[in-house]
Amino acid sequence: MFDLRSISKSFGSLKALDQLDLQLKPKIITGLIGPNGSGKTTLINIMTGIYAPDSGSIYFHQQNLTGESAECFAQKSIARTFQNIRLFKRMTVMENIMASLVTKEKNKRNNWFSYPFTRNKFNLNKAHEVLEIMNLKDQRNLFAEELPLPLRRKLEIARALVAEPEVILLDEPAGGMTPSETFEMAELINLHVAPGRTIVLIEHKMDLISKICNHLVVLNHGEKIVEGETHEVLSHKKVLEAYIGI
Amino acid sequence: MLYLEDIRTFYGEIEALKGLTLEARKGEVTCVLGPNGAGKTTTMFTIAGILKPRTGTLFLEDENLTHVSAQSRVRKGIALVPENRLIFPQMTIAENLDTGALSRPLKDAGIQEDILKMYERFPRLHERKEQMAGTLSGGEQQMLAIARALMAKPKILLMDEPSLGLAPLIVKEIFNIIRQLNEEGVTILLVEQNAKMALTVADHVYLIEQGKVTFNGNPSEIHQDEVIRRAYLGSEVS
Amino acid sequence: MITDFVQNCIDGIMVGSGYSLLALGFTLVFGVLKRLNLSYGPSIMLGAYVGTWSFLNIADNIWLVLLTTICATVVIGIYVEQLCFRAVSKETTIASMVSSFAIWMQLEEIALHLLPERTYPFPAFFDSGLLEFGPFTARSEYLFMFVVMLLLLLILHAFIYRTRIGLAIRAYSDHPSASAYMGIDGSSVLFLAFIIVSIIGGIAGFLILSADSQITPFFGLWATFKGLIAMMLGGIGSLSGAVLGGLILGVIEANAFWYGDPVIRDISSFMLLFTMLIIRPGGIFGHKIEIHQKIASERV
Amino acid sequence: MLNDYLLTVISNIGMISMIAISAYLILITGEISFGQQAYFGISAYAGSIATTLWGWPFWMALIFGSFLAGVAGGLISALTVRINGIYYSIATLAFAEMVRLSLLKFSYQFEIDGEWIGPNGSEGFGEIRWIFENDISILEYTLLIYLVLFLLIAFIYLIEHSKLGMIFRMLGQDPLLASVQGVKIIRYKVLAASLAGFAAGLGGMLYAHSFTYIEPQIFNVMLGVHSLAYGLIGGLGTVLGPIIGVVLDIGFLESIRGIQGYRMIVFGGLMAVMLIFMPRGILDEKRVHRFKKFWEGKTHV
């Protein structure tokens with residue numbers, strides 16, 4: 001479904017991605033791992049249209065999306081989270097979730113001036129559903145900048161979920177979390193985010209990776225070095241080499 | 001030389017270092033290994049004074065620096081080669097080197113001499129000395145960052161992930177430089193993800209996980225991959 | 001025909017050197033702060049008002065005027081720095097800018113209380129005279145201003161590029177967090193930059209006004225506008241760009257004035273600025289490298 | 001009780017509120033415009049030409065002037081989509097000054113009843129006699145201004161609570177994140193700028209007919225920066241914010257006789273100190289939200 005063909009991207013003298021090929025397998029969690037600076041986040045940025053690749057092409061459901069804008073990718077039902085959490089800081093938790101519905105409403109009757117947008121029953125129900133899943137119900141009236149880090153990460157995922165996307169790209173969903181919080185996050189992803197969706201997960205916490213990923217792709221210096229079943233990949237010699245040295 | 005005891009550093013409410021004790025001995029390369037998010041960069045920032053620890057003490061040669069500002073720590077002899085190099089992109093290489101010497105007293109006559117020494121050590125910088133530093137390649141920028149830190153004549157050189165984002169061949173070159181520096185008597189505290197490379201230069205190794213030291217010893221003891229494998233690739237894989 | 005044009009350019013460069021100095025002040029502060037100080041022009045204006053006041057009330061001595069102008073500008077500069085930039089949190093760039101505008105209004109009214117008439121004479125170094133160089137002419141007070149400006153530019157250039165303090169200022173504006181690792185204290189750099197910029201502003205204001213030999217409350221707005229336009233023309237954050245931007249602005253204005261009238265002169269300078277911002281926002285001499293860096297810093 | 005002076009102050013508050021709302025609309029989409037006075041001026045001239053020279057009915061002229069201002073706003077925004085931050089601010093400033101200076105050169109006069117009437121460069125545009133010709137008292141005109149202001153506020157209020165308002169705030173807080181949510185940034189930036197131009201235009205046209213005389217100097221940068229400041233003082237959380245700012249400045253400070261002559265010193269100092277503690281104004285997003293929740297809690301009980 002998501003099909004990247006020989007993607008390259010450089011920043012000045014730094015080659016972030018080099019002739020990378022990647023076919024996402026539908027409806028499973030693909031883990032994307034690799035040492036720092038190996039090009040993982042650049043890849044996600046290319047898969048959401050934030051960067052255009054220098055060369056190569058991107059296909060989503062056989063549709064060529066190379067060079068399209070981030071808006072276009074978003075409307076193709078691809079959602080993401082950010083490693084450095086990005087939320088609308090001066091909006092409440094509830095509004096942050098609603099913001100994601102602005103362009104993706106399936107309810108046709110709800111047009112421009114249907115008033116008020118944030119009280120619309122259809123949207124509210126959806127938002128409450130997601131809040132319930134992510135355990136954010138009690139915080140729904142807090143501002144995003146008032147939340148502690150684990151809840152911000154959850155809110156990012158909730159925002160992605162509410163639009164009911166087909167693909168979700170998670171960039172370090174457990175970054176900066178304690179082991180117990182990481183465990184909770186793994187449960188959440190397994191139970192509520194993953195079913196029926198295609199997930200890409202960047203993560204450094206190998207416990208999390210080995211717990212929830214079915215399939216792994218390992219990057220190093222912008223190239224794919226290994227791809228395959230999680231357990232096979234983790235015991236692959238090349239992977240250890242990538243992590244601990246040449 | 002440098003001694004940290006029971007350091008606890010917080011990022012907002014998150015405890016990034018949970019009672020870290022660490023020592024870097026004079027003339028040695030001390031290496032801190034650990035997976036991402038273990039607190040390696042936080043350790044560096046705490047030593048350099050950019051982050052203030054909530055508890056714990058920090059000594060440099062019997063002088064308590066716990067409550068000393070980042071500016072004065074540079075003057076006291078702690079120089080940092082930061083992660084991602086952070087050279088000044090719109091200044092020439094010569095000027096970048098000059099900024100390294102800003103912490104030295106005005107009357108220090110040896111600055112020009114030291115710059116020449118740096119050019120001798122890094123001929124590639126000499127060739128490009130009037131070029132803007134932002135136009136350099138990654139490896140050259142790393143050399144510049146190292147040279148710039150050395151210009152402060154530090155007692156101890158902190159290096160934060162010098163191999164980050166560099167091609168394997170250049171990483172080797174950088175580590176050759178580290179080895180050379182150490183042979184000349186520079187005390188180095190090295191934070192690295194590239195464990196194998198780091199172990200070739202280290203005299204002493206710390207492994208940190210979740211803000212705590214989980215291993216402390218000679219590189220020969222750690223070479224039997226098991227500990228590192230556990231730290232980097234998780235405990236569930238054998 | 002061609003002599004007219006050359007003459008215009010000569011006049012333009014002379015007046016433009018004043019714009020260059022104002023632009024340098026803006027560029028230096030913007031480089032260090034990454035925020036816009038709108039009240040730069042008005043603080044020079046108030047400084048010059050204090051100078052005029054001392055001229056009228058204390059002694060008829062040109063050096064006293066120069067000294068009081070500079071000192072007053074520095075004091076006002078420190079006031080602006082403390083109130084609008086140090087105290088306002090760094091994330092809210094809008095607040096700083098509007099706050100500096102608020103201080104602008106304050107400074108203007110203080111100036112009017114100090115000297116309530118519409119215009120006051122500003123002492124000149126010597127009487128006006130016309131110097132002839134072959135077919136070209138130059139008014140002596142402008143020529144003097146131009147020469148002093150040039151000297152000042154050279155001194156400033158040497159200060160920024162040859163001294164340690166200058167190096168620290170440039171390092172801080174190039175990469176604030178990296179400069180912390182070099183042992184540079186950001187807040188003292190900021191303070192120093194404001195003082196230096198105020199001294200330049202004081203001298204520039206003094207020279208421009210003494211060439212005009214009068215001062216009005218509009219000088220604040222005028223100085224802010226000319227400095228801003230010249231800075232944007234040359235490209236933000238580049239010192240040589242600021243100098244060249246000022247000279248170019250001067251030349252264009254002089255020609256537009258000659259072939260048109262004062263209104264056309266002003267329209268043409270704004271038109272130039274507007275088109276350039278649309279086509280080449282980085283300024284005529286904007287560094288390419290800046291763009292690379294921007295891309296790098298925007299990496300998500 | 002309501003003397004003419006007081007009425008003038010009140011009607012001034014109403015008209016300046018409209019340009020303050022206009023600056024506020026740009027502010028919530030995350031940019032700072034120094035140039036809203038241009039749209040105020042464009043509409044003032046266009047609307048007055050329509051009523052005085054072309055003999056159009058008042059309402060049609062009002063819509064015409066404001067519409068023209070809106071189109072100009074959209075056009076400038078479309079030209080400047082690539083730039084942001086200080087570059088955008090300076091570009092709007094340059095445009096506004098271009099408009100003001102062009103008006104100094106703009107002459108368009110008809111001979112009416114043996115008199116030459118119409119804008120004439122720096123001499124300005126006098127004899128905008130619609131109020132006198134139709135025998136409208138100051139009180140009536142003030143009411144008319146407030147009717148328009150009320151409609152404008154209601155309209156903006158509606159927008160703020162619709163999808164569009166959400167999109168504007170998304171743009172203002174994090175454009176990249178907004179685009180990742182599928183928002184077409186350029187389209188909405190232009191839309192917001194057109195709306196802002198329209199709002200300023202309403203104020204400008206009413207202003208011209210209230211004072212019967214306008215000149216380009218009125219539409220200088222001071223007007224624009226003031227309107228910007230009103231939003232920041234009153235607060236960026238609701239459309240009532242800029243109006244609070246206007247009332248504080250024109251209504252409150254102008255009426256205290258004791259500080260006559262020191263108004264700017266007091267106002268400027270007050271503003272600078274306030275911005276330290278409330279960088280997004282009195283009614284910022286958080287206070288507005290808290291107030292709403294408090295209100296809801298009360299009505300539910």
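Chain identifiers are assigned alphabetically (A, B, ...) following the order of the sequence lines, protein sequences preceding nucleic acid strands; residue numbering begins at 1 within each chain.
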Heavy-atom proximity to chain B below 4.5 Å, by part of C:Ser179: both
Side chain / backbone / both / neither for B:Ala79 at chain C, heavy atoms under 4.5 Å: neither
When B:Thr99, B:Asp98, B:Leu80, B:Leu158 are compared by non-hydrogen pairs under 4.5 Å with chain C, the top option: B:Thr99
Please look at B:Ile78 and chain C and tell me whether the side chain, the backbone, both or neither of the residue comes under 4.5 angstrom of a heavy atom of that chain. neither
Sidechain-backbone polar pair: C:Gln82 side chain, C:Tyr79 backbone, donor-acceptor under 3.5 Å: no
So does B:Lys76 have more than 12 non-hydrogen atoms from other groups sitting under 6.0 Å from NZ? no
Is the backbone N or O of B:Leu65 less than 3.5 Å from a side-chain atom of B:Arg73, with the two atoms forming a donor-acceptor pair by type? yes
Testing the 3.5 Å rule here: is there a donor-acceptor pair between the side chains of B:Arg179 and B:Asn176? yes
Answer yes or no: does atom NZ of B:Lys26 have more than 12 heavy-atom neighbours from other residues, nucleotides or ligands under 6.0 Å? no
Interface residue of largest heavy-atom contact number with chain C, from B:Ala70, B:Ser69, B:Pro82, under 4.5 Å: B:Pro82
Counting only heavy atoms closer than 4.5 Å, note whether B:Ile50 contacts chain C via side chain, backbone, both or neither. side chain
Between B:Tyr206 and B:Glu23 (side chain of the first, backbone of the second, donor and acceptor by atom type, cut-off under 3.5 Å), is there such a pair? yes
When only pairs under 4.5 Å are counted, which of C:Ala180, C:Ala178, C:Ala168 shares the most heavy-atom pairs with chain B? C:Ala178
